[in-house]
Every structure is written in C-alpha cells, then in structure tokens.
K.L.:
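Dumping the structure here so I can ask a few things about it.
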Protein chains: 4
Amino acid sequence: MARRKVQEKRRLQILKALDACLQRKSFEKTSIKDIAREAGVNHGVLHYYFKSKEEILLNYIDYVIEDYRAQAREWMGGRDLEHSTKREFIDEVFAFVNNRITLNKSLSRIFVEIWEIALYNPAVRGKLREAYTRWVEDLGEMISRHIEDKAFARNVSIAMVAFWEGMALFSTVFPPGSLAVGDVLKGFQQRIVEIL
Amino acid sequence: MARRKVQEKRRLQILKALDACLQRKSFEKTSIKDIAREAGVNHGVLHYYFKSKEEILLNYIDYVIEDYRAQAREWMGGRDLEHSTKREFIDEVFAFVNNRITLNKSLSRIFVEIWEIALYNPAVRGKLREAYTRWVEDLGEMISRHIEDKAFARNVSIAMVAFWEGMALFSTVFPPGSLAVGDVLKGFQQRIVEIL
Amino acid sequence: MARRKVQEKRRLQILKALDACLQRKSFEKTSIKDIAREAGVNHGVLHYYFKSKEEILLNYIDYVIEDYRAQAREWMGGRDLEHSTKREFIDEVFAFVNNRITLNKSLSRIFVEIWEIALYNPAVRGKLREAYTRWVEDLGEMISRHIEDKAFARNVSIAMVAFWEGMALFSTVFPPGSLAVGDVLKGFQQRIVEIL
Amino acid sequence: MARRKVQEKRRLQILKALDACLQRKSFEKTSIKDIAREAGVNHGVLHYYFKSKEEILLNYIDYVIEDYRAQAREWMGGRDLEHSTKREFIDEVFAFVNNRITLNKSLSRIFVEIWEIALYNPAVRGKLREAYTRWVEDLGEMISRHIEDKAFARNVSIAMVAFWEGMALFSTVFPPGSLAVGDVLKGFQQRIVEIL
DNA sequence: CATGAATGAGTTTTCATTCAT
DNA sequence: GATGAATGAAAACTCATTCAT
C-alpha cells in the first residue's frame with residue numbers, strides 16, 4: 001500500500017518534470033537526463049518506472065488530459081447548470097474554456113507539441129482522438145439541453161472546439177495583444193448565443 | 001546561366017524531398033541523409049546548397065507558403081470577384097479554402113509540424129506569424145468589400161482562419177469520415193453568409 | 001568512495017592515452033576515437049568524463065605541468081640546497097633541467113604541440129603563460145640566494161628558460177647526436193657559473 | 001615564358017594567402033577554401049597549381065625560409081662587415097635578429113606552427129633542420145672572423161639561435177611588455193660581447 | 001585554364017538504454 | 001530500489017579531392 005503510494009508519487013513527479021521541460025524544449029530534444037534533472041532524481045529511475053521514453057510520453061498525455069478534464073468537472077460541479085438560463089450557461093462555458101484552455105498559453109504549447117507527435121505516432125494519435133471526441137460529446141450533451149436538433153448540437157460542438165483550438169494555436173504564435181483575440185472570442189460567443 | 005538553373009533545380013529538388021520526408025517522419029527525426037536519399041543525391045550536396053539543416057527548413061517553409069499563396073492568386077485570377085454577389089463570393093472562398101487548405105490533409109500535416117517547430121524556433125515563428133497575418137489581411141480585404149465595419153471584418157477574418165485551422169487540425173487526427181467535417185464546414189459557411 | 005576512485009582512475013587513464021597518442025599524431029589529428037582506442041575504452045566514455053575534446057586537452061595540460069612540477073619538487077626535496085655552494089647548486093639545477101626537461105624528447109614534443117595550440121586557443125595560452133611564469137619565478141628565487149641584484153636574477157632566469165626551451169626545440173628537430181647539444185649545454189652552464 | 005610568369009605569380013599569390021590565413025588559424029584548421037578565398041581565386045585552382053594541401057605547405061615553408069634568408073642577405077649587403085670592429089658587428093647582428101626575427105611576432109607564430117607540423121611530418125622536419133643548420137653555419141662563419149676556436153664559435157652560434165628561438169617563443173605566449181624581453185635581450189647581447 | 005558541383009570518408013557529439021554494484 | 005558507468009548507434013557537419021563543362 002505504502003509502496004504503491006511511493007510509486008505513484010514518483011511517477012507523478014516524473015510526469016510533472018516532463019511538463020516543465022516541454023515549456024523549454026520539444027519532447028524530441030528533451031533528454032531522459034533533462035527530465036531526471038528537472039525531477040531531481042537519477043536518470044536510471046526513469047527506466048525503472050517507465051520502460052522507455054515513449055512510455056513516459058504516453059503516460060504524460062493521459063495525465064495532461066485527465067488533469068484538464070478534472071478541472072472541467074470541478075468547475076461544473078460548482079455550478080447549478082440545471083437551473084441556469086441558456087445565456088448563463090453559455091457564459092459559463094466560455095468563461096471556463098477561454099481562461100483555462102484557449103488562452104492558457106502553456107497548455108496550448110503542450111497541445112501543439114502533442115498534435116505534432118500524433119502525426120507520426122498512432123498511439124498518441126489515438127489518445128488525442130479520444131480526448132477530442134469526449135470533449136465534443138460532453139459539450140454536445142450540454143448544448144443539447146438547450147436545443148432540439150441533436151445532430152446540429154453536435155456540429156456546433158465540433159465547430160466550437162475547432163475554433164477554440166485555432167485560437168489557441170494563434171496564442172502560441174502571436175505575442176499577446178497583437179491579435180484582437182479577446183474581441184474575436186467575444187464576437188464568437190455572441191454568435192453562439194444567437195445560434196442556440 | 002546554366003549554372004544558375006542547376007542551382008535552383010537542385011534546391012527545389014531538395015525542398016521537395018523534405019516535403020516527401022515530412023509525410024513520414026518529423027523534421028527532427030528526418031536526417032540530412034534521409035532527405036538526400038529521397039532526393040537521390042549525395043548527402044554532402046545538401047550542405048553544399050544549404051549551410052545547415054535549419055536553413056533547409058527555413059527555405060522549405062518559404063517554399064510551402066509561397067506555393068499555396070500562388071495557388072490562391074491563381075484561383076482568384078480565374079474569377080470575376082468584382083462582379084460577384086456576396087453569396088457567390090463566399091461560396092468561392094470557401095470552395096478554395098476547404099478543398100485546397102482545410103481538407104488538404106498533407107498540407108495540414110505539414111503545418112502542424114511547422115507550428116510545433118515554431119514553438120521553440122523564433123525564425124520559424126516569425127515566418128508563421130507573417131503568413132497568418134497576410135492570410136487574415138487578404139481575407140479581411142476581400143470581406144471588406146461586402147461589409148461596412150472594417151474592424152468587424154478583420155475580426156471575422158481571424159475567426160474564420162482560426163476555425164479553418166482547427167478543422168484542418170482535426171483532419172490530421174481523425175480518419176476521414178469519422179467527424180461530420182463536411183457538414184460542419186457547410187454549417188459554418190452558412191453562418192458566415194448570415195453574418196456578412 | 002569507490003566510485004570516486006573509479007572516476008579519477010578513468011580520467012587519468014584517458015589523459016595518459018592522449019599522452020601516448022600525441023607521440024604519434026597532432027592533437028588536431030588525434031580523434032576522440034583514437035584516444036579511446038589507446039585507452040582501451042568505448043569512445044562514449046570520453047564524453048562521459050569530459051564534456052568536450054578541448055576539455056580533455058585542458059585537463060591534460062594541467063596534468064603534464066603538474067607532473068613535471070612534482071618531479072622538480074621531488075628532486076629538490078632530496079638535496080640540501082641551503083648548505084650547498086653556488087657551484088653545487090648550479091650543477092644540480094642543470095642536471096635536473098637537462099635530463100628531465102631539455103633533453104627529454106617526448107616532453108619537448110608535447111610542449112611544442114601545446115605551444116602551437118596556444119597560438120589559437122586563449123585558455124591553453126593562459127595555462128602556458130602561468131606555467132612559464134612560475135618556472136621563471138621559482139628559478140629566480142633560487143638564483144636570488146646567490147646574487148644581490150634581484151632584477152638581474154629575474155632576467156637571468158628568463159634567459160635560462162628561453163635558452164633551455166630553444167635547445168629543447170632543437171632536440172625535436174635534430175636527430176640525437178647531430179648537434180653538439182651536450183657541449184653547448186655544458187658551455188652555457190659554465191657561462192652561468194661565471195655570471196652568478 | 002609569359003606562361004611561366006603567370007604560373008609563378010599565381011603560386012606566390014596562393015602562398016601569401018596561406019601566410020595570411022596562418023595568422024588566424026592553424027594549418028590543419030585552415031581549409032583549401034579558406035586559402036582560396038584569401039587569395040581571391042577559385043578553390044579548384046589550388047589543386048591545379050599544387051597537387052595536395054601538403055604540397056602547398058611544403059612550398060610555403062620554402063617560401064618563408066627563403067624570404068627571411070633574402071632579408072638577411074639584403075641586410076648584410078648593406079654593411080661593410082669586413083671592416084667593422086667586433087663590437088659593431090655584434091650590434092648589427094643583434095639589431096637584425098631582434099627586430100626582424102625574435103621580436104617579429106607574426107614570424108614567430110608561423111615558426112611555432114611549422115615546428116609543430118615538423119613533429120609529425122618528416123618532410124617538414126627536414127626543411128626545418130636544413131634551415132636551422134644553415135642559420136647556425138652562417139652565424140658561426142660570421143663569428144669565426146672574430147674568434148680563434150672554430151668549434152667554440154659553432155657552439156656559441158647554436159646557443160645564440162636556441163636563445164633567440166626561446167625568446168621568440170615567449171613573444172607568442174606573453175603579451176608584449178609583460179616580460180622584460182628588451183632587457184633580457186640586451187643583457188644577452190652584452191654577455192656575447194664579453195664572450196667573443 | 002577556370003569553375004563549381006559532387007563525393008564520401010571522417011569528425012565531434014548526443015543519447016536512450018542496459019546493467020553491475 | 002537507486003546509482004552512475006558504459007555502450008553503440010546515429011546525428012550534423014567539414015573538407016580534400018575529383019572531374020565534367
């Protein structure tokens with residue numbers, strides 16, 4: 001039991017170290033020793049807990065996705081979505097996505113990194129596909145409460161996620177303030193209100 | 001004179017070889033020798049024509065961007081945008097972007113790759129920034145012909161490009177047909193018609 | 001503890017391997033793999049113990065200089081310089097320098113190599129400057145015991161070292177016996193006796 | 001005839017370019033293209049005039065040695081050594097050697113470079129041996145005019161050259177002024193006056 | 001004679017991974 | 001479990017040399 005806990009703690013420590021490393025270098029250029037140094041452990045340990053560098057990455061991706069899903073659950077847990085008006089609901093969703101995801105530059109960077117890896121790595125691609133599918137589904141479900149047409153709700157979800165990811169992308173390339181990101185996001189939000 | 005031609009031909013040959021390589025491996029994992037093999041030349045040649053691997057990449061990015069801008073110019077040259085109705089104009093723009101860019105899976109892959117490199121490479125980031133700025137501006141200008149509010153036109157342009165890029169991203173992760181991409185694109189187009 | 005010992009042993013093993021290599025090839029033409037082969041270790045080891053080829057060289061130079069200074073200390077430790085006559089003292093100094101330094105062909109070769117590297121490498125130049133400064137100072141101090149004029153003692157030291165180094169140089173270029181090196185050295189020694 | 005002249009001119013141009021290059025980089029690190037660039041010619045030309053990089057070096061060494069011998073001849077041609085007193089003669093010799101050789105830092109650098117190459121290259125070593133032999137002989141001959149003992153004259157010559165070369169060496173390693181080079185040289189000259 | 005494109009051997013360096021202690 | 005020494009494959013890059021034009 002205690003063993004288990006130590007193991008889990010160590011693994012998390014390593015995954016968080018990778019997270020920090022990815023803010024500086026690509027996964028490819030990040031060495032096992034870089035991660036070990038960041039985690040403050042001996043590099044041999046990484047091979048004890050994970051059988052290869054790719055294994056670390058795969059676990060890291062699960063960790064990142066699970067982490068932001070937990071944030072979403074937590075955020076939703078604190079609201080009474082059942083009794084909110086359509087307008088209140090949309091405002092809440094946008095507030096969360098804008099602040100925690102689209103405008104979270106460091107998260108955006110990590111996702112760009114993961115997308116790129118997914119291009120050539122089927123396992124990573126699978127994880128990404130699943131994460132986006134769930135995101136679209138969850139969002140679709142929420143939207144469905146305020147709309148009749150289920151297929152339309154799904155399509156709107158897809159469009160919303162695509163737009164948000166596109167904006168997130170811009171945030172990694174343009175310096176803050178150089179694009180009227182806030183206005184565009186607000187305009188988009190307004191449009192979604194009208195549509196739903 | 002002939003020398004000049006050989007130079008240009010070889011350089012293009014190398015850039016096209018990199019293009020082919022990037023459909024299989026990341027730039028980081030693509031070695032100079034891989035590119036040389038693909039181009040059917042000795043690896044030393046690559047160092048003769050470009051002073052470093054990064055130099056090849058930078059030239060490649062210019063080549064890719066210039067290539068699709070040329071396609072856009074060519075496409076526009078064939079239409080009479082001046083006398084088209086707003087509806088016709090929108091249809092044309094979408095037809096081009098959807099087919100040549102957003103749904104061009106191999107182009108999308110390359111851009112995901114470039115985005116990732118841009119995360120850590122300022123020169124690449126600069127090129128990307130410029131390319132997207134020009135795209136947004138060109139689109140904004142076209143939209144401005146059918147709309148009063150210039151700032152709004154610009155914001156719509158940004159949103160459109162963000163959405164398209166988000167959809168392009170999905171196309172690299174989801175197998176064709178698994179997301180109702182066509183429907184979503186059509187719905188988005190419809191919405192833009194209403195807005196403008 | 002044992003670890004520490006292995007580290008030091010390996011480092012020394014590598015420096016001695018470089019020493020052997022330099023009897024055959026210039027430092028520039030000696031590859032990391034050559035040194036590894038000579039040391040009987042994998043070439044990766046050299047990068048484990050030293051961060052670059054230059055680092056190996058710098059450590060090697062320290063090692064060589066320290067080595068012959070240790071020899072000088074050892075040699076001096078065995079004599080009673082305090083109670084020797086001027087003549088005895090000069091004879092002892094010359095006996096040491098002639099045999100261990102000036103006529104030590106393999107040491108002379110190494111120093112020619114180091115001089116050349118110093119031409120273009122400031123770090124090496126600094127080490128050389130320090131070594132010669134200390135040699136001149138140590139010698140000057142010894143001479144000072146038998147002479148009044150301190151500035152003169154220093155100048156004589158400089159001249160002596162210059163002469164010895166010039167002779168050492170000849171020993172690397174001329175086959176033994178082709179120059180009356182012994183006689184010249186003896187004549188010089190005689191002259192120094194007269195001067196002091 | 002004209003052909004011959006153009007050829008000679010080109011060869012000299014290349015050798016002078018190498019001379020310039022050697023003030024910046026070692027021969028080993030100087031590439032054929034570096035020399036060509038410095039000479040302002042195409043690098044292919046170097047292989048037309050010299051069959052290899054080593055061939056350039058060998059010719060360069062001849063050129064350098066011949067050049068300073070010519071200077072010596074020219075300098076001697078301008079004096080009436082026959083009718084000078086011993087003192088005048090010594091002053092003249094020292095004036096020439098000190099200024100043109102020992103304290104000529106760029107010449108000293110080149111000689112250090114050549115010594116080092118001679119360590120591993122028998123052809124270069126042979127050239128150097130010959131040059132020093134001739135220098136010692138010429139000097140010995142001049143000294144012989146003022147001294148009886150021929151063997152002694154030769155030994156003094158060797159010692160003088162060794163000392164000068166040692167001082168030249170110091171000039172490449174110590175910044176000008178940090179060693180009392182002038183004083184030492186003057187003291188040495190004084191001593192030689194006394195000896196002869 | 002001159003040019004510059006092409007070759008290929010060789011260099012330093014990095015790094016995931018293994019394994020004895 | 002933890003450590004760090006060792007391995008060896010592979011990378012980018014350099015460069016003397018060759019040779020067709």
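Heavy atoms only: backbone and side chains are in, while hydrogens, waters and symmetry mates are out. All chains are named by letter (A, B, ...) in the order of the sequence lines, taking the proteins before the strands, and each is independently numbered beginning at 1.
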K.L.:
Taking only residues two or more places apart in sequence, or in another chain, which ones meet D:H43 in a side chain to side chain contact (heavy atoms under 4.5 Å, CB included)?
P.N.:
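Listed in chain order: D:I32, D:K33, D:A36.
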K.L.:
Taking side chain to side chain contact (heavy atoms under 4.5 Å, CB included) as the test, write out the residues that go with A:A131, two or more places apart.
P.N.:
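By the side chain to side chain contact (heavy atoms under 4.5 Å, CB included) rule, A:A131 matches A:I65.
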K.L.:
Closer than 4.0 Å, any side-chain N/O of D:N42 to the OP1 or OP2 of E:dA2?
P.N.:
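So the side chain of D:N42 is outside the cut-off, no N or O lying under 4.0 Å from OP1 or OP2 of E:dA2.
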K.L.:
Under 4.0 Å between a Lys/Arg side-chain N and an Asp/Glu carboxylate O for D:R24 and D:E38?
P.N.:
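Salt bridge between D:R24 and D:E38, a charged N being under 4.0 Å from a carboxylate O: yes.
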K.L.:
Return the residues of residues 24-36 of chain B meeting this criterion: a heavy atom under 4.0 Å from some atom of DNA chain F. Order them by number, or give none.
P.N.:
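Nucleic-acid contacts, sorted: B:T30, B:S31, B:I32.
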K.L.:
Contacts to DNA chain E from residues 43-62 of chain B, heavy-atom cutoff under 4.0 Å, which residues?
P.N.:
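Under 4.0 Å from DNA chain E: B:H43, B:G44, B:V45, B:Y48, B:Y49.
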K.L.:
Write out all pairs satisfying salt bridge (Lys or Arg N to Asp or Glu O under 4.0 Å) with one or both partners inside residues 107-119 of chain A, taking only residues at least two apart or from two chains.
P.N.:
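Of all non-adjacent pairs touching residues 107-119 of chain A, none passes salt bridge (Lys or Arg N to Asp or Glu O under 4.0 Å).
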K.L.:
Give, for atom CD1 of A:I35 and atom CG of A:L18, the distance between the pair rounded to the nearest 0.5 Å.
P.N.:
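Here the interatomic distance stands at 4.5 Å.
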K.L.:
Would you please name every residue forming a salt bridge (charged side-chain N to carboxylate O under 4.0 Å, His left out) with A:K51, sequence neighbours left out?
P.N.:
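Once residues adjacent in sequence are excluded, the partners of A:K51 under the salt bridge (charged side-chain N to carboxylate O under 4.0 Å, His left out) criterion are A:E55.
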K.L.:
Are A:Y68 and A:F111 near enough that their ring centres are under 6.0 Å apart?
P.N.:
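Yes.
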K.L.:
Taking DNA chain F as the partner, which of residues 114-123 of chain A come within under 4.0 angstrom of it by heavy atom?
P.N.:
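Residues of residues 114-123 of chain A under 4.0 Å from DNA chain F: none.
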K.L.:
Any side-chain N or O of B:Q7 below 4.0 angstrom from OP1/OP2 of E:dG4?
P.N.:
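Answer no for this pair, as no side-chain N or O of B:Q7 is under 4.0 Å from OP1 or OP2.
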K.L.:
With sequence neighbours left out, write down each residue that passes salt bridge (charged side-chain N to carboxylate O under 4.0 Å, His left out) with D:K25, or none if nothing qualifies.
P.N.:
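Expected list: D:D34.
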K.L.:
With D:R11, which residues qualify under side chain to side chain contact (heavy atoms under 4.5 Å, CB included), at least two apart?
P.N.:
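With sequence neighbours excluded, D:R11 shows a side chain to side chain contact (heavy atoms under 4.5 Å, CB included) to D:E8, D:Y49, D:F50, D:N59, given in chain and number order.
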K.L.:
For DNA chain E, report each stem as range with range, ordered by first number, or say none. Use Watson-Crick or G-U wobble pairs under 3.5 Å, at least 3 in a row.
P.N.:
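Detected stem regions: E:2-21 with F:2-21.
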K.L.:
Applying salt bridge (charged side-chain N to carboxylate O under 4.0 Å, His left out), name anything that partners C:K105, two or more places apart in sequence or on another chain.
P.N.:
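Here no residue qualifies.
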K.L.:
C:K127: which residues meet the salt bridge (charged side-chain N to carboxylate O under 4.0 Å, His left out) condition with it, sequence neighbours left out?
P.N.:
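Result, salt bridge (charged side-chain N to carboxylate O under 4.0 Å, His left out) vs C:K127: C:D62.
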K.L.:
Any cation-pi pair here, D:K53 with D:F27, using under 6.0 Å and within 45°?
P.N.:
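Ring-cation test returns yes.
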K.L.:
In terms of ring plane angle, is the pair B:W115 and B:Y132 parallel, tilted or perpendicular, where the classes change at 30° and 60°?
P.N.:
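Judged by the thresholds at 30° and 60°, the geometry between B:W115 and B:Y132 is tilted.
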K.L.:
Strictly below 4.0 Å: does A:R10 bring a side-chain N or O up to OP1 or OP2 of F:dG1?
P.N.:
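For F:dG1, OP1/OP2 do not have a side-chain N/O of A:R10 under 4.0 Å.
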K.L.:
In whole angstroms, how far is the C1' atom of E:dC15 from the CZ atom of A:R37?
P.N.:
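To the nearest whole Å, that distance equals 12 Å.
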